[in-house]
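One structure is given here, and the rest of the page talks about it.
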Amino acid sequence: MSGLTLFFLIIGLGLIGWLSARVRAVSFRRQTSARFGSLPSHHATHVALWTVLPAALFIAIWAFTSPALVTDLVLTNPAAQQLPPQGFERAAILSEARNLAEGRSFGAFHPLAQTLSPAYAAARSRYDWIGSAVALLLAFACGAWAYTRVRADYRARSKIERVVMLLLLAASLIAILTTVGIVASLLFESWRFFRIVPITDFLFGTHWSPQVISARDPGASLGAVPLFWGTFFIGAVIAMIVAIPFGLMSAIYLTQYAAPRVRRWMKPILEMLAGVPTVVYGYFAALTVAPAVRDLAVSMGISWASSESALAAGLVMGVMIIPFVSSMADDSIAAVPASMRDGSLAMGATSSETIRKVVLPAALPGVVGGILLAISRAIGETMIVVMAASGVATMTLNPFASATTVTKQIVDLLTGEAEFNSPKTLAAFALGLTLFVITLLLNIVALSVVKRYREAYD
């Protein structure tokens, strides 16, 4: 039975259970005028949940366990005795047979895979039917049991609330455990890297050349200071030079000068920039901005200017994070008490003087928090720097020169055919851990600043 058919059957059983339980609960309410602890919809939802959730949980578990059962059944086939011992070739033959059985391939390199393909198809069909039968039986049994609980004194509402709380807890745990898993993997792989390369050579070394690593002293070619500088120069200097003035001025205009009708149109249009995929910004940077920046440099007499310059990547990155700065500054300026602004105007100050000397100083903590959040977003950007920045690690203040970033190097290190246990590949995890720590600290500082600001004006 196909997964889609099974899904509709279980949903159908849940719908039948919902309707049946509601009809039964309504009949109880008609027989007496006493006040019940649960509505008919609560009883109906309780039965539907018991019909659907256990079956769905079983299907999820079965999806992970059935492939191993299918493979074990295939290995009992006499033709499987011709398989080589445990190793890569054995796994490749079984994988080809599975792909043929599932229709994802139309040919195999090994004749034995063609022979085992019918056995794979039969085993999979067998276990699919077993799983479908058990799921339907479980849905019917659990739904029938829940249907017997539909009584006037049964508190179905509290049961539903408990199930919802468990689902919310599970969703929260998934997010937390995912974060813990990411951090744990970064820590473990970084620890393996720092066993090969001293941490001081990595954090304070000024030469980055992972293509040429000495077996005697791998740390001599894996100094990450040029990467940190390129990330800071592109994401925190050039991008902020673009984002801060435009974002702050747009927030001041929209909150202080724009008519309500103009604000209603301009603010959503400005925030649409945050919804543009970063790969689109990357294409724009590589195909439009980078050649224009190089032509500008050549017209200024800088003939050696690179088309993969720090300025091209920084400009587009700055445009991308304008909505972050503008939105935070907008909220901070709008939260300033109107009495402060009115008092300044009543004392004879002009609108510009009021904004410069009263509104902006009062909103400064929120603006600074928004800028720090924008910086953390910029230094973690990948697609723009991958498509517009260079892979050459240099330390320069010239915006027309080539520069690279941490995220660009992570992509380069994890693509290709390098051995996973090599220092070159493990360096990507060390760079990822360093970038994670930096962005985490920036977010903590930004959130603490914003929290203090909110406490001051709530």
Side-chain angles (χ1 to χ4, degrees), residues 1-14 49-146 163 166-167 169-171 173-178 180-182 184-185 188-189 192 414 417-421 425 429:
M1 184 181 297
S2 66
L4 187 61
T5 304
L6 180 61
F7 170 78
F8 281 116
L9 284 175
I10 292 176
I11 294 298
L13 287 175
L49 289 176
W50 268 101
T51 304
V52 174
L53 290 183
L57 181 61
F58 170 78
I59 292 172
I61 297 174
W62 187 254
F64 285 100
T65 57
S66 60
L69 298 175
V70 170
T71 302
D72 291 341
L73 184 60
V74 170
L75 292 177
T76 61
N77 190 287
Q81 305 302 320
Q82 305 176 28
L83 286 170
Q86 297 290 340
F88 175 77
E89 185 180 1
R90 179 189 180 95
I93 294 173
L94 292 175
S95 177
E96 285 186 349
R98 181 169 55 251
N99 291 335
L100 285 173
E102 294 175 356
R104 294 185 293 180
S105 178
F106 300 98
F109 291 101
H110 202 286
L112 188 55
Q114 192 78 36
T115 305
L116 292 176
S117 175
Y120 249 113
R124 182 184 176 187
S125 176
R126 176 181 178 181
Y127 279 107
D128 282 349
W129 278 106
I130 291 175
S132 300
V134 173
L136 290 174
L137 181 62
L138 187 63
F140 181 80
C142 292
W145 176 85
V163 171
L166 289 175
L167 292 176
L169 177 62
L173 288 177
I174 289 174
I176 294 172
L177 292 177
T178 301
V180 171
I182 293 173
S185 63
F188 177 73
E189 300 298 340
R192 294 176 58 195
L414 293 180
E417 299 179 355
E419 185 182 356
F420 186 80
N421 292 325
T425 305
F429 295 95

Quick one: closest heavy-atom pair of Leu13 and Ala139, and the distance?
-> CD1-CB, 4.0 Å
side-chain hydrogen bond (donor to acceptor under 3.5 Å, both in side chains) partners of Arg192, counting only residues at least two apart = Glu189, Asn421
CG/Leu9 to CZ/Phe140 distance, rounded to the nearest 0.5 angstrom?
-> 13.5 Å
Can you tell me how far the CG atom of Leu136 sits from the CZ atom of Phe58, to the nearest 0.5 Å?
-> 10.0 Å
Please test Ile10 against Leu6 for side-chain contact (heavy atoms from CB on, under 4.5 Å), starting from the C-alpha separation and ending with a verdict.
-> CA-CA 6 Å; Ile10 292 176; Leu6 180 61; 4.1 Å; yes
Side chain to side chain contact (heavy atoms under 4.5 Å, CB included) against Leu137, all qualifying residues, sequence neighbours excluded | none
Side chain to side chain contact (heavy atoms under 4.5 Å, CB included) involving Leu69 - partner list, sequence neighbours excluded | Trp62, Tyr127
Set of side chain to side chain contact (heavy atoms under 4.5 Å, CB included) partners for Ile182, sequence neighbours left out | Thr178, Leu186
Between Thr51 and Gly143, which heavy-atom pair has the shortest distance, and what is it?
-> OG1-CA, 3.2 Å
For Leu49, side chain to side chain contact (heavy atoms under 4.5 Å, CB included) partners two or more places apart = Thr45, Leu53, Ile160, Val163
Least distance between heavy atoms, Pro54 atom then Leu138 atom = O-CD2, 3.4 Å
